[in-house]
Amino acid sequence: MYASREDMIESFGEREVLRLESMHTDGVQSLNRALADASERMNSYLSGRYGIPLVKTGQLKLCCCNIARYFLYFEKATDEVKERYKDEIRWLEGVASGKIRVTFNEPLTAEESQKAYILPATGVGDSYKGKVFGDDVFATMPTV
């Protein structure tokens with residue numbers, strides 16, 4: 001899993017976590033199930049680009065916590081909880097499409113390398129097609 005109960009407490013506070021657990025008959029088990037479900041949902045997006053599971057990072061942990069919180073609310077989620085969930089899904093879609101990278105340890109594919117390639121700067125001698133300045137041009141310039 002990308003997050004734990006302790007991560008949920010760190011993200012939302014103990015009062016919120018206890019309230020979420022009290023909404024369910026099996027409390028902590030519901031929270032752990034929501035975290036596992038959130039991790040699986042994340043893996044469904046991440047598996048297209050990365051070998052899963054990934055090493056837990058701060059962004060993955062927060063994403064998992066926000067999705068699990070949404071799952072725990074059922075249909076009674078507040079606007080803030082819904083918006084956080086939607087933001088995380090958009091982020092995961094960006095990761096799945098390759099627009100967002102979760103880790104920089106993965107090598108770029110040949111296609112990604114080609115898109116990221118920047119042409120080297122051309123030297124002045126190669127790009128300037130005019131004449132070389134002579135003493136007559138420098139003589140007309142003001143001195144500092």
Does any N or O in the side chain of [X] come within less than 3.5 Å of the main-chain N or O of [Y], such that one atom is a donor and the other an acceptor?
{"X": "Y2", "Y": "T57", "value": "no"}
{"X": "H24", "Y": "L31", "value": "no"}
{"X": "N43", "Y": "E40", "value": "no"}
{"X": "S44", "Y": "R41", "value": "yes"}

message = Before you tell me yes or no, could you show the steps for E93 and K99 under salt bridge (Lys or Arg N to Asp or Glu O under 4.0 Å), namely the whole-Å CA-CA distance, both residues' side-chain angles and the distance that decides it to 0.1 Å?
response = CA-CA 9 Å; E93 288 170 347; K99 293 179 183 176; over 6 Å; no
Should [X] and [Y] count as side-chain neighbours, where that means a heavy-atom distance under 4.5 Å?
{"X": "F12", "Y": "N66", "value": "yes"}
{"X": "F71", "Y": "Y85", "value": "yes"}
{"X": "M8", "Y": "L20", "value": "yes"}
{"X": "L60", "Y": "L46", "value": "yes"}
{"X": "D7", "Y": "L62", "value": "no"}
{"X": "C63", "Y": "M42", "value": "yes"}

message = side-chain contact (heavy atoms from CB on, under 4.5 Å), that's the test. Do W91 and I100 meet it? Break it down for me.
response = CA-CA 8 Å; W91 181 78; I100 300 171; 3.7 Å; yes
task = Carefully, step by step, assess E21 and R5 under the rule side-chain contact (heavy atoms from CB on, under 4.5 Å).
result = CA-CA 11 Å; E21 290 173 346; R5 184 176 188 274; 2.6 Å; yes
For [Y], is there an ion pair with [X] - N to carboxylate O distance below 4.0 angstrom?
{"X": "E10", "Y": "K61", "value": "yes"}
{"X": "E16", "Y": "R19", "value": "yes"}
{"X": "D87", "Y": "R84", "value": "no"}

task = Search all heavy atoms of S11 against all heavy atoms of C65 and return the closest pair with its distance.
result =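 Minimum heavy-atom contact is OG-SG, 3.9 Å.
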inquiry  = Around atom CD of E83, are there more than 12 heavy atoms from other residues, nucleotides or ligands closer than 6.0 Å?
reply    =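 Yes - once you tally the heavy atoms of other residues, nucleotides and ligands closer than 6.0 Å, there are more than 12.
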request  = Dump the intermediate steps for side-chain contact (heavy atoms from CB on, under 4.5 Å) on Y70 and K86, then the final yes or no.
outcome  = CA-CA 10 Å; Y70 177 78; K86 289 176 186 176; over 6 Å; no
query = Would you say L18 and L35 are hydrophobically clustered, going by side-chain heavy atoms of ILVMFWY under 4.5 Å?
reply = no
task = Tell me, with the steps shown, if R33 and D26 meet side-chain contact (heavy atoms from CB on, under 4.5 Å).
result = CA-CA 10 Å; R33 191 169 43 256; D26 52 355; 3.0 Å; yes
